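To start, the structure under review is shown below, and the notes come after it.
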Amino acid sequence: SMTGVVMDITERRRAEQEIGRQRNQLAHLSRVATVSELSGSLAHELNQPLAIILTNAQAALRLLAQDPPDLTEARDILADIVSEDQRAGEVIRRLRSWLKHGETSLRPLSANEVLDEVLHLIRSDLIGQGVTVKLALATNLPPCLADRIQMQQVLLNLIRNACDAMALNPPAGKMLTLATSHHDGVVRISVSDTGCGLPPDVERVFEPFHTTKKDGLGLGLSICRSIVSAHQGRLWAEAPAGAGATFHLELPANREGQE
C-alpha cells in the first residue's frame, strides 16, 4: 500500500538523519581531541604575539617617559601592538570556529587554500618535529564542493598521521609532500610521507579502533573516511615502491566555475 511506502521512506530518512547526526558528533569529538593534542602548538602561537605586545608596550611607555616624548616611534610601536593583537585574535577565532562547528555546509572551496589553512594551524608543530614540507600544488584547480572545517579536520588528521609515521626517522628523512591535482571532474589532494609504511593489508588502517599509537583512540581514519564519503568523495591509501605512505583524498569538483 501507498502508506507503507511513505512510512518506509520516512523511517529511512529518519535513520539517515540519525547517522548524519552521529557522524557530526563523532567528528566534533575528534576535533576536541585534536585541539587538546595541538594545545602546546596553539599556546606557542598565542604566546608569541602576547610576548611581542608586552615588550612593545613597555618600549612605548619608555618612549613616552622621555623628555620630550618620542611620539613618532611610539606611534609605530602602537601600530605593531594592534597588528600582533589581531594575529592572536585570529588564532582564537580559528580555534572557536573549529570547535563550534555544527552542521555540514557544502560550499565551493579551494583545496589549495584549505591546505594552506591547515599548515597554518600545525606550523609550529611541524617545525618542532623537524618535518620538511614540500608543496606540489596545481595552479588551475577547479573549486571542490565541501565543508571547510571538516576538510581541515581530515587533512589535519592525515598530516599528523604522516608526521607520527616519520617520528623515528633521522631529521633529514622527514619529508611531507602535499600535492593537489584534478581530472575528470574530481579534485585530488595527496599527503605523502617517508615514514614507517603501511600494513600489508592497507585497508586495515581505516577500520575503527585500528591504531599504531600507544595511547591512540584509533578513530581518526575511520571518521575521516566517513566524512569524505558524506561529501561523495573517496579516501584511500597507497604504499609507494620506495617507503612511506600516500593518502589520496578525492572530492567532486564544483561544476559552477573555475577558480
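Please read these numbers as outputs of a predicted model, since none were measured by experiment.
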Name each donor-acceptor pair under 3.5 Å that joins a side chain in residues 229-249 to protein atoms two or more places apart or in another chain, with its distance.
{"from": "Ser229", "atom 1": "OG", "to": "Arg225", "atom 2": "O", "distance (Å)": "2.9"}
{"from": "His231", "atom 1": "ND1", "to": "Ile227", "atom 2": "O", "distance (Å)": "2.8"}
{"from": "His231", "atom 1": "NE2", "to": "Asp147", "atom 2": "N", "distance (Å)": "3.0"}
{"from": "Glu238", "atom 1": "OE1", "to": "His248", "atom 2": "NE2", "distance (Å)": "3.3"}
{"from": "Thr246", "atom 1": "OG1", "to": "Ser192", "atom 2": "OG", "distance (Å)": "3.0"}
{"from": "His248", "atom 1": "ND1", "to": "Ser190", "atom 2": "OG", "distance (Å)": "2.7"}

Residues passing the side-chain contact (heavy atoms from CB on, under 4.5 Å) test with Asp201, sequence neighbours excluded, are Glu203, Arg204

Residue set satisfying side-chain contact (heavy atoms from CB on, under 4.5 Å) with Leu137, at least two apart, ordered chain then number -> Asn112, Leu115, Leu135, Thr180

Would you compute the distance between atom [atom1] of [X] and atom [atom2] of [Y] and round it to the nearest 0.5 angstrom?
X: Cys163; Y: Leu158; atom1: SG; atom2: CG; result: 11.0 Å
X: Ile122; Y: Glu117; atom1: CD1; atom2: CD; result: 14.0 Å
X: Leu155; Y: Leu119; atom1: CG; atom2: CG; result: 9.0 Å
X: Gln150; Y: Gln152; atom1: CD; atom2: CD; result: 10.5 Å
X: Ile77; Y: Ile53; atom1: CD1; atom2: CD1; result: 13.0 Å

Kindly give the heavy-atom pair with the smallest separation between [X] and [Y], and that separation in Å.
X: Ala138; Y: Ser181; value: CB-CA, 4.1 Å
X: Leu63; Y: Ala74; value: CD1-N, 3.8 Å
X: Ala111; Y: Ile189; value: CB-CD1, 3.7 Å
X: Leu46; Y: Ala88; value: CD2-O, 3.6 Å
X: Asp70; Y: Gln66; value: CB-OE1, 3.7 Å
X: Val205; Y: Pro199; value: CG1-CD, 3.6 Å

Are [X] and [Y] connected, step by step, through hydrophobic side chains (Ile, Leu, Val, Met, Phe, Trp, Tyr) whose heavy atoms are closer than 4.5 Å?
X: Val202; Y: Val154; value: yes
X: Leu145; Y: Ile149; value: no
X: Val228; Y: Leu109; value: yes

Practice prompt. Would you check if there is a donor-acceptor pair between the side chains of Glu250 and His183 at a distance under 3.5 Å?
Written response: yes

Students should find that the hydrophobic cluster of Leu64, defined by side-chain heavy atoms under 4.5 Å apart, otherwise consists of Leu71

Kindly determine whether Ser110 and Leu141 satisfy side-chain contact (heavy atoms from CB on, under 4.5 Å), including the steps that lead there. CA-CA 8 Å; Ser110 154; Leu141 269 189; 5.8 Å; no

Which of Leu54, Leu50, Asn56 passes side chain to side chain contact (heavy atoms under 4.5 Å, CB included) with Ile52? It is Asn56

So salt bridge (charged side-chain N to carboxylate O under 4.0 Å, His left out) across residues 77-88, not counting sequence neighbours, yields Glu84-Arg87

Evaluate side-chain contact (heavy atoms from CB on, under 4.5 Å) for Leu106 paired with Asn254, printing each intermediate quantity in order.
CA-CA 10 Å; Leu106 299 181; Asn254 182 34; over 6 Å; no

Residues 165-179, side-chain donor-acceptor partners within the protein, below 3.5 Å, at least two apart:
{"from": "Asn169", "atom 1": "ND2", "to": "Gly173", "atom 2": "O", "distance (Å)": "2.8"}
{"from": "Asn169", "atom 1": "ND2", "to": "Thr194", "atom 2": "O", "distance (Å)": "2.7"}
{"from": "Lys174", "atom 1": "NZ", "to": "Gln129", "atom 2": "O", "distance (Å)": "3.1"}

